[in-house]
Amino acid sequence: GVWRQTRALLFKNCLIKCRTKKSSVQEVLFPLFFLFWLILMSMMHPHRKYDEVTNTMLSPLDTSVLVNFVIGYTPPTRMAREIMKKVASDNFEDGLLTEEYLSEEELEEASTLKPSGFVGVVFKDSMSYQLRFHDSIAMSSVYMESR
C-alpha cells in the first residue's frame with residue numbers, strides 16, 4: 001500500500017539525485033553562496049550607532065533676525081490654520097507674520113517677490129509637510145537608512 005509507494009518514490013528520488021550530481025550540488029551550494037553574499041554585504045555596511053545627546057539649556061531665540069519674516073502656507077485648511085497660528089503665537093512673543101495661499105503656484109510666486117524673508121510651508125496631509133525656500137525644497141532632516 002502506501003508504505004510501498006512511499007519507499008519506491010523515495011528510492012526513485014535518491015537515484016535521480018545520484019545520477020544528476022551537478023544539479024544536486026547546485027541546489028545545496030547556491031543558497032549557501034547567497035547567504036554568504038548577504039552576510040558579506042551586511043558586514044560592509046554596518047549599522048551606524050549615534051552617541052547619546054546630553055540635555056542642555058538652550059539660550060533664548062534672537063528674534064531680531066526675524067524682522068520682516070513671513071511664513072506662507074498652503075492649502076488653507078482648518079488644521080493648517082491652527083498649526084500656523086500655534087507656531088506664530090507660542091514660539092514668538094510678538095507673533096510671526098503668516099500668510100495663507102490657495103495653491104502652491106501662488107506660494108511660489110510670493111516667494112519670488114519676497115525672496116529674502118519668506119519661507120513657504122506646503123502641507124501634504126495632516127502628518128507631513130515640505131518647507132519651500134526661494135529656489136529650493138527642504139526635505140525632512142530625519143536620517144532613515146533602509147536595510
Side-chain angles (χ1 to χ4, degrees), residues 1-62 65-66 69-92 96-147:
V2 175
W3 174 245
R4 189 178 302 166
Q5 289 178 351
T6 306
R7 195 174 56 190
L9 184 61
L10 185 62
F11 184 69
K12 180 186 123 188
N13 287 337
C14 286
L15 282 177
I16 290 173
K17 291 293 179 192
C18 290
R19 290 179 184 166
T20 57
K21 290 180 183 165
K22 183 179 176 183
S23 65
S24 299
V25 169
Q26 287 176 351
E27 283 180 19
V28 172
L29 291 183
F30 275 158
L32 291 175
F33 171 74
F34 288 125
L35 180 65
F36 170 75
W37 186 255
L38 284 172
I39 292 170
L40 182 66
M41 293 304 286
S42 70
M43 289 171 61
M44 288 175 58
H45 300 286
H47 293 288
R48 292 185 179 167
K49 185 167 182 144
Y50 296 103
D51 293 332
E52 184 176 326
V53 177
T54 60
N55 292 333
T56 58
M57 293 297 292
L58 298 176
S59 61
L61 179 64
D62 183 17
V65 294
L66 299 176
F69 193 76
V70 178
I71 297 179
Y73 64 93
T74 188
T77 61
R78 184 182 61 81
M79 182 175 289
R81 284 186 191 108
E82 288 176 13
I83 291 171
M84 295 311 292
K85 183 195 243 182
K86 190 164 183 69
V87 166
S89 64
D90 287 357
N91 298 324
F92 304 97
L96 197 61
L97 185 59
T98 60
E99 297 176 356
E100 62 181 44
Y101 295 94
L102 296 176
S103 66
E104 287 187 50
E105 291 78 24
E106 288 183 19
L107 184 73
E108 289 175 15
E109 192 175 302
S111 72
T112 58
L113 296 175
K114 315 173 211 178
S116 61
F118 187 85
V119 173
V121 180
V122 178
F123 289 95
K124 295 298 181 186
D125 56 26
S126 63
M127 297 298 288
S128 64
Y129 62 90
Q130 284 185 335
L131 295 178
R132 303 273 173 114
F133 297 97
H134 177 56
D135 287 327
S136 65
I137 298 175
M139 299 306 283
S140 174
S141 64
V142 176
Y143 177 75
M144 298 184 70
E145 183 177 342
S146 62
R147 284 266 170 202

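The structure presented is a predicted model; accordingly, all values stated were derived computationally and were not measured.
In this view, E105 and S103 satisfy the side-chain hydrogen bond (donor to acceptor under 3.5 Å, both in side chains) rule, not counting sequence neighbours. Partners of P76 according to the side-chain contact (heavy atoms from CB on, under 4.5 Å) rule, which considers only residues two or more places apart in sequence or in another chain, are T74, R81, E100, L102. Legend: residues meeting salt bridge (charged side-chain N to carboxylate O under 4.0 Å, His left out) with E106, ordered by chain and number and at least two apart, are absent. Residues satisfying the side-chain contact (heavy atoms from CB on, under 4.5 Å) test with V25, not counting sequence neighbours, are L29. With sequence neighbours excluded, the residues forming a salt bridge (charged side-chain N to carboxylate O under 4.0 Å, His left out) with E82 are R78, listed by chain and number. Judged as a side-chain hydrogen bond (donor to acceptor under 3.5 Å, both in side chains), and not counting sequence neighbours, Q26 has no contacts. S23 pairs by the side-chain contact (heavy atoms from CB on, under 4.5 Å) definition with T20, not counting sequence neighbours. Under the side-chain contact (heavy atoms from CB on, under 4.5 Å) criterion, L35 pairs with I39, sequence neighbours left out. Evaluation of the side-chain hydrogen bond (donor to acceptor under 3.5 Å, both in side chains) rule for T6 yields no partner, not counting sequence neighbours.
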**OP:** With side chain to side chain contact (heavy atoms under 4.5 Å, CB included) as the test, would you mind laying out the steps for Y101 and V122 before giving the verdict?
**Re:** CA-CA 10 Å; Y101 295 94; V122 178; over 6 Å; no
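To the nearest 0.5 angstrom, I16 atom CD1 is 11.0 Å from F11 atom CZ. Put simply, CG on L10 and CH2 on W3 are 8.0 Å apart, with the number rounded to the nearest 0.5 Å. Note that the CD1 atom of I83 and the OG1 atom of T77 stand 7.5 Å from one another [nearest 0.5 Å]. Atom-to-atom distance recorded for Y73:OH and E99:CD is 10.0 Å, nearest 0.5 angstrom.
Residue P75 comes nearest to A80 through the heavy atom pair O-CB, 3.5 Å, listed as atom of the first residue, atom of the second, then distance.
Considering only heavy atoms from C-beta on, V121 comes within 4.5 Å of L131 through its side chain.
Evaluation of the salt bridge (Lys or Arg N to Asp or Glu O under 4.0 Å) test over residues 7-24, restricted to residues two or more places apart or in two chains, returns K17-E27.
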